[in-house]
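What follows is one structure encoded as structure tokens, with my remarks underneath.
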Amino acid sequence: MDTKKQSVIFTLEDEKEISDLITLHLERAGFFVEDFDSVKDFRQFLNRRIPDIAILDIMLPDGDGLELCKELRSNPRTKSIGIILLTARAHESDKVLGLEYSDDYITKPFSPRELVARVKALLRRLDKLENEKKTFTGLKIDPNKRQVLVDGRKIELTTTEFSLLELLTSKPEWVFPRDQILDMVWGRDKAVTDRTVDVHI
């Protein structure tokens, strides 16, 4: 059974038909998706949860997706989010500027299958970078082997304990709300309570 956590994707697209199409294909690929149609709602939800990847349109009714992209990159809380710009702006100068702040640039009209493939490719790149960073003072976490070493000594952890440690170390200095921990470690369908988090920690 695959025990890896479900990747979280935020989409910011004001055209409902396109938003629904993106969400449909991403969810079919196994991702957890939160979709937004305004920069305001997107920003507000970031206070509750940080996604693995954000897919942003550039031309939006209440803001500029590129400016939002720059904002995410300048904030320590959000700078590690993978960003894909999905836009109708196809001019070379737009692409060059967009790629200065994002990880990928896709123009409309687009192939949903290609979008999913690019999301997966970006996640692989981010996972590789994250794995390279996951060595703290005296502590080494190997997500592939699901193994934890402290000063070279192997620590025996249950599957849940390992998932908790992996989540908490994924964003150093970030405070995770209990509901987010429950969602990311136990999933939405499990009959667990806030107290479950306290007991396992």
Side-chain angles (χ1 to χ4, degrees), residues 1-12 22-36 40-55 71-73 75-84 103 116 119-120 122-201:
M1 183 179 66
D2 185 6
T3 54
K4 291 185 69 177
K5 71 181 181 70
Q6 187 180 32
S7 296
V8 177
I9 314 294
F10 281 9
T11 67
L12 178 54
I22 294 170
T23 299
L24 173 65
H25 284 269
L26 288 174
E27 288 182 340
R28 281 181 177 175
F31 299 116
F32 179 86
V33 183
E34 294 280 5
D35 58 274
F36 305 90
K40 179 182 177 181
D41 290 343
F42 182 93
R43 283 198 183 107
Q44 288 180 341
F45 205 80
L46 282 176
N47 294 323
R48 295 174 51 191
R49 189 169 200 175
I50 300 296
D52 297 292
I53 288 180
I55 300 174
E71 179 184 314
L72 295 175
R73 286 291 183 244
N75 187 330
R77 284 187 58 238
T78 58
K79 66 179 182 180
S80 62
I81 296 174
I83 300 176
I84 297 176
D103 297 287
V116 171
V119 167
K120 290 179 178 179
L122 178 53
L123 282 171
R124 287 193 296 270
R125 296 202 304 272
L126 295 175
D127 284 343
K128 183 178 179 181
L129 290 174
E130 194 65 36
N131 291 342
E132 292 172 353
K133 294 178 182 177
K134 283 190 176 179
T135 300
F136 302 83
T137 304
L139 172 67
K140 183 176 181 181
I141 302 172
D142 187 334
N144 296 317
K145 295 181 180 179
R146 297 189 69 79
Q147 185 180 84
V148 176
L149 300 176
V150 176
D151 295 328
R153 181 170 57 91
K154 183 178 179 181
I155 303 299
E156 296 295 336
L157 297 176
T158 65
T159 299
T160 300
E161 289 169 344
F162 182 89
S163 296
L164 271 170
L165 181 63
E166 186 178 30
L167 174 64
L168 294 175
T169 56
S170 65
K171 293 182 174 66
E173 301 183 15
W174 168 249
V175 178
F176 289 87
R178 280 186 176 84
D179 58 349
Q180 184 177 357
I181 295 175
L182 285 169
D183 187 32
M184 300 298 288
V185 176
W186 282 272
R188 292 188 168 188
D189 297 329
K190 301 294 184 181
V192 293
T193 64
D194 290 354
R195 182 62 179 163
T196 303
V197 175
D198 299 346
V199 171
H200 278 81
I201 290 179

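For this chain, numbers begin at 1 and follow the sequence in order.
- For the atom pair CG (L24) and CG (D35), the distance works out to 12.0 Å, reported to the nearest 0.5 Å.
- Summarising the geometry, atom CD1 belonging to I50 is positioned 7.0 Å from atom CZ belonging to F10; distances are rounded to the nearest 0.5 Å.
- With rounding to the nearest 0.5 angstrom, the CD atom of E34 is 9.0 Å from the OG1 atom of T11.
- You'll find the side chain of D41 stays beyond 4.5 Å of the side chain of F45, heavy atoms only.
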Apply side chain to side chain contact (heavy atoms under 4.5 Å, CB included) to residues R43 and L12 and explain how you reach the verdict. CA-CA 10 Å; R43 283 198 183 107; L12 178 54; over 6 Å; no
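- I84 is listed as a side-chain neighbour of V119, based on a closest heavy-atom distance under 4.5 Å.
- Closest approach of F32 to R49, counting heavy atoms only: CE2-NH1, 3.2 Å.
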Step by step, work out the salt bridge (charged side-chain N to carboxylate O under 4.0 Å, His left out) result for D103 and R73. CA-CA 11 Å; D103 297 287; R73 286 291 183 244; 2.7 Å; yes
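- Between N75 and L46 there is no side-chain heavy-atom pair separated by less than 4.5 Å.
- The distance from the CD1 atom of I141 to the CG atom of L165 is 4.0 Å, given to the nearest 0.5 Å.
- The nearest pair of heavy atoms linking A29 to K120 is CB-CE, 4.3 Å.
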- Query: Passes side chain to side chain contact (heavy atoms under 4.5 Å, CB included), F31 versus I53? Steps please.
  - Reply: CA-CA 10 Å; F31 299 116; I53 288 180; over 6 Å; no
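- Remark: side-chain polar atoms of R125 are not paired, donor with acceptor, to backbone N or O of G82 under 3.5 angstrom.
- In this structure, the separation between CD on E166 and CG on L157 is 11.5 Å, given to the nearest 0.5 Å.
- Nearest approach of D52 to S7, heavy atoms of both residues: OD2-CA, 3.3 Å.
- The shortest non-hydrogen separation linking A54 to I81 is N-CG2, 3.7 Å.
- Across every non-hydrogen atom of V116 and H25, the tightest pair is CG2-O, 3.8 Å.
- In this structure, OG1 in T169 is found 10.5 Å from CG in L164, a value given to the nearest 0.5 Å.
- Pairing each heavy atom of I83 with each of L122, the nearest pair is N-CD2, 4.1 Å.
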